[in-house]
Structures are given as C-alpha cells and as structure tokens.
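Comments concern the structure below.
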Amino acid sequence: MGEQNPGGGKKPAKATKSAPVKKAAAKKAAVKKVAAKKAATVKKAAVTPKGQSAALKKASVAVKGTPPAKSVAKPPKDESRTALVRRARRIDRELAEVYPYAHPELDFENSFQLVVATVLSAQTTDLRVNQTTPGLFAKYPTPEDLAAANPEEVEEILRPTGFFRAKTKSVIGLSKALVEQFGGEVPGRLEDLVKLPGVGRKTAFVVLGNAFGRPGITVDTHFQRLVRRWQWTDETEPDKIEAAVGALFPKSDWTMLSHHVIFHGRRICHARKPACGACPIAPLCPAYGEGETDPEKAKKLLKYEKGGFPGQRLKPPQSYLDAGGKPAPPLGAG
C-alpha cells in the first residue's frame, strides 16, 4: 500500500522499475524502426529498374561462353613471360578450333603462281588478285612466258589490282630473275626469295610456308593489328613483330598460326569495327570492348563464311566449302 500524504490521502505507490524498462523498450523500438527504414531505402536503391536490368543483362552476354566486358580482365602490365606464352598459345588453339579450314586466301596451283599472286596482293584484296590472275596465268603460264611479255599488255591485265605499272615491273622482273638465276624455278630458301623484285620477307614466308612446307610467320596488316591488340608484343616494325611472336610459339606452328590470325582479322576482329560480341576468344582478349559487344549487332559485322558471304578464293579448298564457305565470283560477275 502507499503512504499517507499530509492531506490525509494516500500517496500513490512508488514507481517500480517497470517504467524505465518500458521507456528503454520504446527507445529501442524507435531505433529499430529507423534502422528498418534505412534498410528499406538502401534495398530500394539497390534494385535496378526492369528496363535497366534487361539492358544490363543484354550487354553482359556476347556469345556463348563470353563474359561481359567488365569481367574480362586485362592482363597485368607485369604479365610474366610464362603467362604470356600460355595465353598466346591458348588463343591459337581456340582459333584453330574456329578455323580448322584456315588456308592461304590466294588461288594458286604452283609456287610460281603463288609468288606472283602474293606480289600482286600489295595494296589490294586477295579477292581482287584472285579475280585477276586467271587471265594473267592463262596468257603467261610460266616464268619464261612472263619474262618475255609486253609490259603494256601485262599492265592492262593487272589494272584492276591497282598500282599496276609498278606491279607489272615487279612480276616481269621476278620472272626474268627466276629464268636467269634459278633455271625458271622458284627457290625454296628465304635468302634467295628476298632477292627477287617485289619480294620481301612477308611474301617469302607465304611462299615458303604454303608452297614448300617450311615454317614462316606472315606479318601482314591483319597480323600486326591483332597481335598488338592481344598484347603479344608492342613492336610496330614487321621484322620485330615476326621475331617477338615467333619466340612465343614452336617453329612448327608458325605457318598455321599466321593463317589463324589472318582469318580471324578478316572475319571478326576488324580494324574499325571489331565484332567483339561474336568473338570466340573474348575472355582472352585485353582489347575486348573496343568493338561492338552486343551479340546481335556484332553478328551483322561478320564477313565471309562466318556471315554467310562468299570468300576471297574462286577455287577454295574443299574443307572450306564443307564448312559453309562459298567461292568468290569471277571478275565482272554479278
């Protein structure tokens, strides 16, 4: 009971400990309420709007097995030599699976036709060369025939390839050199080939690798572009690129490596608009994201057999045709 107060009434009972407890509980509940409110705000902010989520998902998917750009880690600047070799060889293995039919894209039936066609391919496409050489070789089938040709007549045939006067001088000159120095036969040694008019190391390695089966790296514009994008080397001079890349692979791989890289450069990894969203080696490429990453848009950038279009050879290998490749049309067709 309570005590008596001065007025005779009873004092209210003393406050028990329940009052402070209730006050503390109320305070604790208020704190929880604030925390819950903050948590709800954070959760709401973390939820991506439906449209944005769809766009993000679409951007994240390139081709099957290709992660989004942000998940493709660039090799560190201090990538070890061993790591570089492993990455480079893995890229080549992947490309070999994508292009098992890779081949030189110049039509030729013998080493003479190949060396002439390769000289003519400077500053033009292999397709244009392939459309032009049938007429040339029909009229001048041997080095002896071309060596004795009328330059004006040869110029007229080679006109579609561009720089036809300089090319005429080169192919007639190299034909004369073959007749006078090598008995009308194309030599199978690098040091002899580079002595022929219009023949440099690139042309020589094309001939050695594809006519004689001797390993060589063909450093054309596609090859140069891709090996720098992949950070295999930062060299810019063809001879130095050849040496740097050659050191990453067994010599026996050099010729097919060249075909794989050049095929990929022509079909997918283009100079201006690489089709990153359709690239089979995107997870291994430091330059992924420089081109179109949307799979559907990237698919529209594909060329030759990958895009369902004719290739560069009028007479391609059967393996290419079996893979869905189409022969190129002859000059003036369509």
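Everything numeric in this text was worked out from a predicted model, so none of it was measured.
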* Residue pair R267, E105: steps toward the salt bridge (Lys or Arg N to Asp or Glu O under 4.0 Å) verdict -> CA-CA 13 Å; R267 284 150 181 76; E105 294 191 86; 2.9 Å; yes
* List the steps and the verdict of side-chain contact (heavy atoms from CB on, under 4.5 Å) for V116 and F137. => CA-CA 10 Å; V116 170; F137 295 137; 3.9 Å; yes
* Stepwise, does the ring-ring contact (aromatic ring centres under 6.0 Å, His included) test hold for F263 with H222? -> CA-CA 9 Å; F263 252 61; H222 301 288; over 10 Å; no
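No salt bridge links D107 with K315; every basic N to acidic carboxylate O contact stays at or beyond 4.0 Å. Look at E292 and K300 and you find no salt bridge, because none of the NZ, NE, NH1 or NH2 atoms lies under 4.0 Å from a carboxylate O.
Under a hydrophobic clustering in which Ile, Leu, Val, Met, Phe, Trp and Tyr are joined whenever their side-chain heavy atoms come within less than 4.5 Å, directly or via other members, V85 and V227 fall into the same cluster. By the criterion of side-chain heavy atoms lying less than 4.5 angstrom apart, applied directly or through intervening Ile, Leu, Val, Met, Phe, Trp or Tyr residues, L331 is not grouped with L106; the two fall into different hydrophobic clusters. Cluster membership for F112 and L193, using ILVMFWY side-chain heavy atoms within less than 4.5 angstrom, is shared. Both F212 and F108 are members of a single hydrophobic cluster when ILVMFWY side chains are connected at heavy-atom separations under 4.5 Å. Criterion: ILVMFWY side-chain heavy atoms under 4.5 Å apart, direct or through other members. Under it, V194 and L196 are part of a common hydrophobic cluster.
V171 places a side-chain heavy atom less than 4.5 Å from the side chain of L158. Considering only heavy atoms from C-beta on, I241 comes within 4.5 Å of R228 through its side chain. Contact check for Q131 versus P330: no side-chain heavy atoms found under the 4.5 Å cut-off. Between K167 and T161, the closest side-chain pair of non-hydrogen atoms falls below 4.5 Å. Taking 4.5 Å as the limit, every side-chain heavy atom of T255 sits out of range of all side-chain heavy atoms of F205. Side-chain atoms of C269 and L226, non-hydrogen and from C-beta on, do get closer than 4.5 Å to each other. The side-chain heavy atoms of R89 and P250, taken from C-beta on, include a pair separated by under 4.5 Å. Counting heavy atoms from C-beta on, the side chains of P104 and H259 come closer than 4.5 Å.
In the displayed structure, R128 atom CZ is contacted under 6.0 Å by at most 12 heavy atoms of other residues, nucleotides or ligands.
Of the possible polar contacts, none joining the T124 side chain to the L120 backbone as a donor-acceptor pair under 3.5 Å is found. Listed for the T133 side chain is no donor-acceptor partner under 3.5 Å among the backbone atoms of L136. Judged purely by atom type and a 3.5 angstrom limit, W230 has no side-chain atom pairing as donor or acceptor with the backbone of A88. Looking at R266, its side chain never comes within 3.5 Å of a backbone N or O of K303 through a donor-acceptor pair. Side-chain atoms of T168 come within 3.5 Å of backbone N or O of F164 as a donor-acceptor pair.
Side-chain contact of Q318 with Y101: a donor-acceptor pair under 3.5 Å is absent, judged by distance alone. Checked by atom type, the side-chain pair H103/N210 shows no donor-acceptor distance below 3.5 Å.
For the side-chain hydrogen bond (donor to acceptor under 3.5 Å, both in side chains) condition, the pairs that include at least one residue of residues 182-201, sequence neighbours left out, are R189-E191, R189-D192, R201-E242. Within the structure, salt bridge (charged side-chain N to carboxylate O under 4.0 Å, His left out) contacts touching residues 134-161 (residues at least two apart or in different chains) are K139-E153, E156-R159.
Between F249 and W232, the distance separating the two ring centers is shorter than 6.0 angstrom. Checked against the 6.0 Å centroid criterion, the rings of F309 and Y304 do not qualify as a close aromatic pair.
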Identify every side-chain donor-acceptor pair in residues 91-100 under 3.5 Å, counting partners at least two apart or on other chains, and give the distances.
unit_1	atom_1	unit_2	atom_2	d
D92	OD1	H260	ND1	2.8
Y99	OH	H264	ND1	2.9

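Taking each heavy atom of P215 and K251 in turn, the nearest pair found is CB-O, 3.1 Å. For the pair Y140 and V154, the tightest heavy-atom approach, listed with the atom from each and the gap, is CE1-CG2, 3.9 Å.
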